[in-house]
Amino acid sequence: MSRPERPVLVVIAHGSRDPRHAATVHALVRRVRAQRPGLRVETGFLDFNIPSVQGVLTSLAAEGVRDVVALPLLLTRAFHAKSDIPAVLREAPSRLRIRQAEVLGPSPLLTAALERRLYEAGLTPADTSRTGVVLASAGSTDPEAIAVIADIAREWRHTGWCAVRPAFASAALPRTEDAVRELRALGCERVAVAPYVLAPGFLPDRIARGAAGADVLGDVLGPAPEVARVLLDRYDEARMPSLAALGA
């Protein structure tokens, strides 16, 4: 008995007027495809870029695709994951069976990707005990999302850093520059800023400006291999009920 085709993975990105955003999203999707050859992966954007999510879903339905896993390219469960994306998916062609995957974070793999970016920017594992880290996210008005960032910072501190403080580029405080000053005042010998964002754009640029007083600024997570692995983990989790039903 032949196995049914795997659901198509549709990665849903926010979109941005900044061309670096879409370029980074596409680079991440290429890495996902490389890690899972044979899996069909499509990309749709909520705003600013093409193809739109609705356009991708309509095209898939026209091809005869039946099963889709829609994966929000988001690090926390905030407004887009809870409202925008479900609303878009409800407008999809009725022939499609769509399962919405969980957002990417939190995940130990993402923390590993943050450390990768800091090491690429010049830190070494030997620096951790004397380095304070600003975990700088885009920010949100959703209390759940803010609490998740605080939890990640608290857990990351336990891995040996001098200190880890959360910061936000919008909608919440403290700002990156305030967290940098706090770590200096705390006595950390070095201060590093780790952007907890997936792709460049307006808010990541604000984080970078706020990091002017730091010693090290990591790059955005982008197409880090750990991020690609998290995408595939979320895809597998979303499609697991159908696999279980088939005894796979």
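On a predicted model such as this, the values are computed, not experimentally measured, just so you know.
Closest heavy-atom contact between Gln100 and Ala81: NE2-O, 3.2 Å. For the residue pair Ala228 and Gln35, the shortest heavy atom distance occurs at CB-NE2, 3.5 Å. Closest non-hydrogen pair, Val134 versus Ala167, comes out as CG1-CB, 3.6 Å. Here the closest heavy-atom approach between residue Gly15 and residue Phe45 is recorded as CA-CD2, 3.7 Å. Listed here is the closest heavy atom pair of Phe168 and Ser137: CD2-OG, 3.1 Å. The heavy-atom pair separating Leu28 from Gly222 by the smallest distance is CD1-O, 3.8 Å.
Two residues are said to be in side-chain contact when any heavy atoms from C-beta on lie closer than 4.5 Å; Tyr235 and Leu39 meet this criterion. Contact of the Val56 side chain with the Thr43 side chain is not registered, since no non-hydrogen atoms from C-beta on lie closer than 4.5 Å. Residues Leu104 and Arg234 have side chains in contact (heavy-atom distance under 4.5 Å, counting atoms from C-beta outward). Between Arg190 and Asp127 there is a side-chain heavy-atom pair separated by less than 4.5 Å. In this structure, the side chains of Val69 and Val10 stay at 4.5 Å or more apart for every pair of heavy atoms. Annotation: side chain of Gln54 is in contact with side chain of Val88 (closest heavy-atom distance under 4.5 Å). Inter-residue side-chain proximity for Trp156 and Val133 is flagged as met; some heavy-atom pair is nearer than 4.5 Å. For the pair Pro72/Val103, a side-chain contact is recorded, criterion being any heavy-atom separation below 4.5 Å from C-beta on.
Atom-to-atom distance recorded for Glu120:CD and Arg116:CZ is 6.0 Å, nearest 0.5 angstrom. Separating the OG1 atom in Thr58 from the CD atom in Glu91 is a distance of 10.5 Å, to the nearest 0.5 Å. Distance check: Arg165 CZ to Arg157 CZ gives 8.5 Å after rounding to the nearest 0.5 Å. Here the OG1-CG distance, from Thr24 to Leu221, works out to 11.0 Å after rounding to the nearest 0.5 Å. Atom CD1 of residue Ile149 and atom OG of residue Ser140 lie 9.0 Å apart, to the nearest 0.5 angstrom. Of the inter-residue distances, the one linking Ile98 atom CD1 with Asp67 atom CG reads 10.0 Å to the nearest 0.5 angstrom.
The main-chain N or O of Thr128 is never found under 3.5 Å from a side-chain atom of Thr131 such that the two would form a donor-acceptor pair. A distance-only check finds a donor-acceptor pair linking the side chain of Arg66 to the backbone of Arg95 [under 3.5 Å]. With hydrogens and angles disregarded, a donor-acceptor distance shorter than 3.5 Å links the side chain of Arg175 to the backbone of Ala172. Side chain of Arg130 to backbone of Cys188: no donor-acceptor contact under 3.5 angstrom is found. No side-chain donor-acceptor contact under 3.5 Å links Thr124 to the backbone of Tyr119.
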Going by atom type alone, with no hydrogens or angles, which donor-acceptor pairs under 3.5 Å involve a side-chain atom of residues 211-220 and a protein atom two or more places apart or on another chain?
from	atom 1	to	atom 2	distance (Å)
Asp215	OD1	Arg184	NH2	3.3
Asp215	OD2	Arg184	NH1	3.1
Asp215	OD2	Arg184	NH2	3.1
Asp215	OD2	Val191	N	2.8

Show me the side-chain donor-acceptor pairs of residues 192-208 shorter than 3.5 Å, one per line, residues at least two apart or across chains.
from	atom 1	to	atom 2	distance (Å)
Asp205	OD1	Arg20	NH2	3.2
Asp205	OD2	Arg20	NH2	2.9
Arg206	NH1	Ala169	O	2.7

Side chain to side chain contact (heavy atoms under 4.5 Å, CB included) evaluation trace for Thr111 with Glu155: CA-CA 10 Å; Thr111 305; Glu155 292 180 12; over 6 Å; no
Check against side chain to side chain contact (heavy atoms under 4.5 Å, CB included), Arg154 and Val164: CA-CA 7 Å; Arg154 187 161 45 248; Val164 181; over 6 Å; no
Full working for salt bridge (Lys or Arg N to Asp or Glu O under 4.0 Å) between Glu177 and Arg209: CA-CA 8 Å; Glu177 53 268 33; Arg209 290 193 297 272; over 6 Å; no
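Taking the six-membered ring where the residue is Trp, His21 and His14 present perpendicular rings, their angle passing 60° and hence far from 30°.
Under a hydrophobic clustering in which Ile, Leu, Val, Met, Phe, Trp and Tyr are joined whenever their side-chain heavy atoms come within less than 4.5 Å, directly or via other members, Val53 and Leu96 fall into the same cluster. Leu74 and Leu109 are members of different hydrophobic clusters when ILVMFWY side chains are connected at heavy-atom separations under 4.5 Å. No continuous path of ILVMFWY side-chain contacts below 4.5 Å connects Leu73 to Leu46, so the two sit in separate hydrophobic clusters.
Salt-bridge check for Glu63 with Arg40: passed, with a basic side-chain N closer than 4.0 Å to an acidic carboxylate O. Note on Asp236 versus Arg36: salt bridge recorded, some NZ/NE/NH1/NH2 to OD/OE distance being below 4.0 Å. Looking at Arg181 and Asp178, a side-chain N of the basic residue comes within less than 4.0 Å of a carboxylate O on the acidic one, giving a salt bridge.
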